[in-house]
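Counting from 1, the numbers follow the sequence of the chain as shown. Note that the structure is predicted; figures quoted are calculated from it, not measured. Indexing begins at 1, ligand by ligand and atom by atom, following the structure's order.
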Amino acid sequence: MTDIIKILPDNVANQIAAGEVVQRPASAAKELLENAIDAGATDVQLIIKDAGKTLIQVVDNGAGMSDTDARLCFERHSTSKISEAHDLFALRTFGFRGEALASIAAVAQLEMKTKRADMELATLIQIEGSEVKQHTQCSAANGTSIAVKNLFFNVPARRKFLKADATETSYIIEEFNRVALVHPEVSFSYYNNTKLVTRLEKTTLRQRINGVFGSSYGEKLIPVEEKTNVVNISGFIGKPEFARKTRGEQYFFVNNRFIKHAFLHHAVTSAYAEMIPDKSFPSYFIYLAVDPKNIDVNIHPTKTEVKFSDEKAMYAIMKSAIRKSFGSFSITPTIDFEVERSMDFSNLDTSREIKIPTIKVNPDYNPFQTTNTARPSGSYTPPKDKNLPNWEKLYDIPEAQPEIDQKFNRVEKAEADMPDEITGISFFMFAKKYILTPVKSGLMFIDIANARERICYEQLLRNMENHQPMSQGLLFPQRVVLTPSEGELLGDVLNEIRALGFDVEPFGQNTFVVNGLPTDAENQDAKDLLEHLLESYKKNQLEAHLDKKLNLARSLAKNISMKFSRNLTTEEMQSIVGELFSCTMPETSPSGKKVLFVMTGDEIEKKMR
Ligand code: ADP
Ligand code: MG
């Protein structure tokens, strides 16, 4: 028998390796852009033709290469960035595998000019399918220019798999943006078919985001900042009202490298829970600085995935940083955050379950009140005059007073003495669903069902927190027979259900006896209510992964306030508005629906023109 194992020739091996690194023009563009940044460039140009199928060229003013390096950089595993295995754990540069140029050169016709500042002449190298066709000297500016022509010219099968020009171009632009978004200190230009499409001057991060996504984009963002000894977080997050139905701009960068991270993404979206509608997406540009030894970047060839050594801590810190930034920028007008300022994770015992830091909301805090009195419970009791929260401040605020600005973005405590009686405030009903009321900044529209959902939800949470369920005894206890799966589920959440105000006992065999129902739900049919509650609980669990208690409170609040349709008395409207504005997040319902908006005087005037 003859031996059958052969060592593959280099060009074949390179072509195989190229399959991993270069899937499409955008991957080549990404590698070239990252190399330019790694070389310390302060100005980078990307030039493409025919969606990168004909040309992808990157010109930089970085360090350049010596003549020898210029030849060596096309060898596989040639890199200036690591020399020992342990360097892998201290990486701060983009590339390190030394595979990119070798791979690109294996599947394209490539031309490189490179010159170091300390050299007279530049080096010119032409290489096709890993074969060096030319290696000479020429004159050129300091830096490096690499032109990748006719990508996949020798792998027709791959070329056939490329998508339409518009799609391939959008992938390239996305790579360009990812690099531009981490390097505001570098200027970038992007040319498509000889036309200058984008020019980004060096600037600040916020301005760079504007440069990439449009000049008014920055107004939709608030900063986020958190320093811990596990990770430093900085960047910007979208204001909840700008969340979109389509996946918008969602960027994580770890040590200046774009990454995708489903778990951290979840941390971010869960911080937005209740503030944006279901199935809509917040934008974010979040930059993480982590000690390189705490990440493993090696797990994916295209390196958009990383693994952190302590993912749970990262999750907790991320979520709390975002909530804190909502608090400091008063996205939630009246929330009273008490997030621990300096979180110290140095003594983390990683084997222990980490509890996500919670935000303590002071249930009695009322921004319109100078002295705190606990709110009366139940959404329909008209507040007594003496107890009335000073929400009427909304209507008439003396010029010099701190005020609620137009979008309710900021509410400050008014110091003035409050009138004893409300005078001159009007409430109107519309379509048995909305309350209309003139406020200082315009005409406010309130969706009653959503407002009640918010009020009821926060009331339920307070009751649970204080172990004071609000329950109404039934005249006749009701026996409820559930399906086996419902019965099992109810058994699992029985304690939480009781904390919500259900007075309910198991009675064997999926049967329960209900002696009392939560206040405000006492008129509902016990079986219907329980069934609906369990159903929305299950749904929330699948979609939102909420904590048991939050989930149940949210489900019950929704059930209690669903499909509201009747006319209210002025006292009732007044009571709802008062209750609503002592909530922590009056603007959105717990399931993320809009509760109110204000049509400003200006807007009304415009319509009259
Ligand atoms: P890696 O970036 O993983 O090291 P590459 O194949 O992308 O591998 O590049 C190989 C080497 O070529 C780099 O380590 C660097 O020394 C050099 N190089 C590549 N592009 C440039 C550039 N634009 N300017 C200067 N040096 C470069
Ligand atoms: Mg590289």
Open item on the list: Do Ser283 and Lys220 make a side-chain contact, defined as non-hydrogen atoms from C-beta onward lying under 4.5 Å apart?
Closed with: no
Task: N/O separation below 3.5 Å, Asp38 to ligand 1 - done: no
TODO: Please work out whether any backbone atom (N, CA, C, O) or any side-chain heavy atom from C-beta onward of Glu99 is under 4.0 Å from ligand 1, and answer side chain, backbone, both or neither.
DONE: backbone
Task: Residues that Phe74 engages under ring-ring contact (aromatic ring centres under 6.0 Å, His included), provided they are two or more places apart - done: none
Open item on the list: Heavy-atom count check: over 12 atoms from other residues, nucleotides or ligands less than 6.0 Å from Phe161 CZ?
Closed with: no
- [ ] Return yes or no for this condition: an N or O of Leu101 is under 3.5 Å from an N or O of ligand 1.
- [x] yes
TODO: Among Phe252, Phe213, Phe258, find the residue that satisfies the ring pair (Phe, Tyr, Trp, His ring centres under 6.0 Å) test when tested with Phe285.
DONE: Phe213
Task: Listed partners of Lys163 passing side chain to side chain contact (heavy atoms under 4.5 Å, CB included), at least two apart - done: Arg24, Thr167, Glu168, Tyr171
Task: N or O contact, Glu31 vs ligand 1, cut-off under 3.5 Å - done: no
Open item on the list: Could you tell me, atom by atom, which parts of ligand 1 come under 4.0 Å of a heavy atom of Ala100?
Closed with: 6 (O), 7 (O)
Task: ligand 1-proximal atoms of Asp60, by part, heavy-atom distance under 4.0 Å - done: side chain
